[in-house]
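Here the structure comes first, spelled out in structure tokens, and everything after it is commentary.
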Amino acid sequence: MFVNHHEVLPLLGQVANAVSGAINRARPELAGSDPVVRRSEHSDFQSNAALALAKRAGVKPRDLAAELAATFDDGPIGSVELSGPGFLNITVPDKAVWGQVSARMAGPRLGVGTPEEGRRTVIDYSAPNIAKEMHVGHLRTTIIGDSLARVLGFLGAEVIRQNHLGDWGTQFGMLIQYLNEHPEATWRRDELSDDTSAVSALDELYKAARKEFDADPAFADRSRSRVVALQSGDPATLARWKEIVAESEKAFRDIYDRLGVLLTPEDSVGESFYNPMLGDTITELVNAGIAVDSEDALVIFSEEVTGPDGDPVPLMVRKRDGGYGYDTTDLATIRYRIHDLKANRLLYVTDSRQALHFRLIFEAARRAGWLTDAIDAEHVAYGTVLGPDGRPFKTRAGGTVRLMDLLDDAVARARAVVAEKNPDLDPAALDQIAEQAGIGAVKYADLSTSRVKDYAFDVNRMVSFTGNTGVYLQYAHTRIRSILRKAGDPEVTIDPTIPLEPAERALALELDAYSTTLVEVSDALEPHRLCGYLYGLARDFTTFYEACHVLNADEPIRGNRLALCQLTARTLKHGLGLLGIAAPERM
RNA sequence: GCGCUCGUAGCUCAACGGAUAGAGCACUUGACUACGGAUCAAGAGGUUGCAGGUUCGAGUCCUGCCGAGCGCGCCA
């Protein structure tokens, strides 16, 4: 049954309830079966329930369909037609369609409810490394994770964002030692020019340190001692490390601000945060007999997965040298998120190559009794960003693509495209729009393909005004806004007695499906479904726009059409917002 | 060796197990003095990698092949 948490129940849900009611009355023994209601090309909706249930009912599908059709009570259903082997083609009355439109217009939430209410969801995403430049590899996790945080949050989930910074490790010993020995090095943001970031400077210094480490055994020794000092909490070393973390976070924030993601400093919970918990975590795993000694290290052997030699694949809980790696941290992390954060859903938005790692972590957490059936843990995996050659995206020189450079490039292309389209824009407005369009283009391109697949980064296609692009949707929004402005942005009221033109009906039904789409996104954790929906909505609007003139129409038709314009504009803007993309008034 | 993911129009991508597999780009032919040319209408383009199976029904689920990418102890 479609009950629950919908502020405005979509027609699809109302029809589903009606079909369920018919099933209950006609065949009580089949009560509770899926009514199998879908949008349809042949009518407003179709139910395939008769096909699915005929065998259990012991009758021919067509006969069962006829039986159901005769059993509908008064509801949202206007007419029912039997078609093909047993499809029910269901049409809803115009009045009901208008009713949905005005109900959705009435509230700020577009009639979308909060089905995720009561669910506490931890989303782990972005996770750049301290003292390292953010690069193309951080693009997808940051964008996808942020969109999911927005969608789930809007649907009522209590979202806890976790930016699992790479802020710990032996490399910091080397870097700190080098900085101590080279006080003349500039790397703090205040000391740098605007086009250089702290992480960029630190990245260079780290390379220099690495070089010295390899060349000078004395420096290597001092670096190792510095690691020990850091890990044992030596105040001066710790202070320097904290400074590096803080400066790096400034650089990350510059990127986050530009990308328009929700992450804040409070969301930063890096690897170092779990250091004090590693001991207890390990003790618990050892006492439970899950973590065992192997070749002087402490490991957890998988009971499900084997490696190249046919032996079980291990998680490395404690290295032979007594150190801890990311396996240990991730075990402490999942334990913390379950026990302390009390999450009932855990999402890890990382590269699909880490699939095995998370499988092992989840398995271990289950064996340890932390991860129960009441908790949903999911690796939200995504594919690689490819260059034009079909290989992982690199600079022409073969280096890593800095995220800032990639964004600069996209904004520059967007600026050219927008300037050509609208030469009258003043420079300040052009700057702002180019930024919104360029960033939006990158984000939309990333979000609009199914996330498990690799995709090719093609700036020219991203910033195109045609096709399934962010720019197209932003433009669609501005065009509708233009109509509404011209009408004086009136308060509109709908006259539900006016019959719907086919293009109006198609548009209105699509608008009504917004909440259904969002629920799909939150279930499948696939933002590209929202992209596909918005694109379809924009196309439905185009068809409507061609077929039904708005401003020249007579009242009350004009008012009804303005209402469709208004709800379309709001839905587009809202949907883009959930993708983290701006919807400017003009372009 | 084992495992995971992917394979759909020339290209980039869609399609909760549902009717004739859809869009965009590119291509062909037409149309338009309206709300910002966001063009619009028609056409062409497919054995959904191959072969079996489950099902009333399979691009979708299962099995086996083929091809591509990735992963499998002390890096995250």
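Values below: every heavy atom of this structure, side chains too, minus hydrogens, waters and symmetry copies. Throughout, protein chains are lettered first and strands after them, A, B, ... in sequence-line order, and every chain is numbered starting at 1.
Nearest nucleotide to the side chain of A/T306, out of B/C2, B/A76, B/G18: B/C2. Here the side chain of A/H528 is nearest to one of B/C35, B/A14, B/C4, namely B/A14. The A/H549 side chain lies nearest to B/A34 when the options are B/C72, B/A34, B/C74.
Note on A/R318: nothing from the nucleic acid sits closer than 4.0 angstrom, heavy atoms only. Among the protein residues, A/P85 comes within range of no part of the nucleic acid, since none of its heavy atoms lies under 4.0 Å from any strand. Residue contacts for A/V305: at a heavy-atom cut-off of 4.0 Å it reaches no nucleic acid atom on any strand shown. Backbone-only contact: A/R529 has heavy atoms under 4.0 Å from sugar-phosphate atoms and none from a base. Residue contacts shown for A/A52 include a base, since a base heavy atom lies under 4.0 Å away.
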Next on the checklist: Evaluate A/L447 against A/I144 for side-chain contact (heavy atoms from CB on, under 4.5 Å), listing each step before the verdict.
Outcome noted: CA-CA 7 Å; A/L447 293 167; A/I144 294 169; 3.9 Å; yes
Checklist entry - For A/S302 and A/E363, what are the C-alpha separation, side-chain angles and deciding distance, and is it a side-chain hydrogen bond (donor to acceptor under 3.5 Å, both in side chains)? => result CA-CA 8 Å; A/S302 172; A/E363 184 198 333; 2.6 Å; yes
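Side-chain N/O atoms of A/R479 include one lying less than 4.0 angstrom from OP1 or OP2 on B/A38. Distances shown here put a side-chain N or O of A/Y475 below 4.0 Å from the OP1 or OP2 atom of B/A38. Distances shorter than 4.0 Å separate none of the side-chain N or O atoms of A/K453 from OP1 or OP2 on B/G69.
As the counterpart of B/G67, B/C6 is assigned, both hydrogen-bonding distances of the Watson-Crick or G-U wobble pattern falling under 3.5 Å.
Scanning atom types as modelled, one donor and one acceptor separated by under 3.5 angstrom connect the side chain of A/S83 and the base of B/A19.
Screening A/R140, A/R451, A/K453 for a salt bridge (Lys or Arg N to Asp or Glu O under 4.0 Å) with A/D446, the sole residue that qualifies is A/R140.
Listed for the A/S464 side chain is a donor-acceptor partner under 3.5 Å among the backbone atoms of A/T466.
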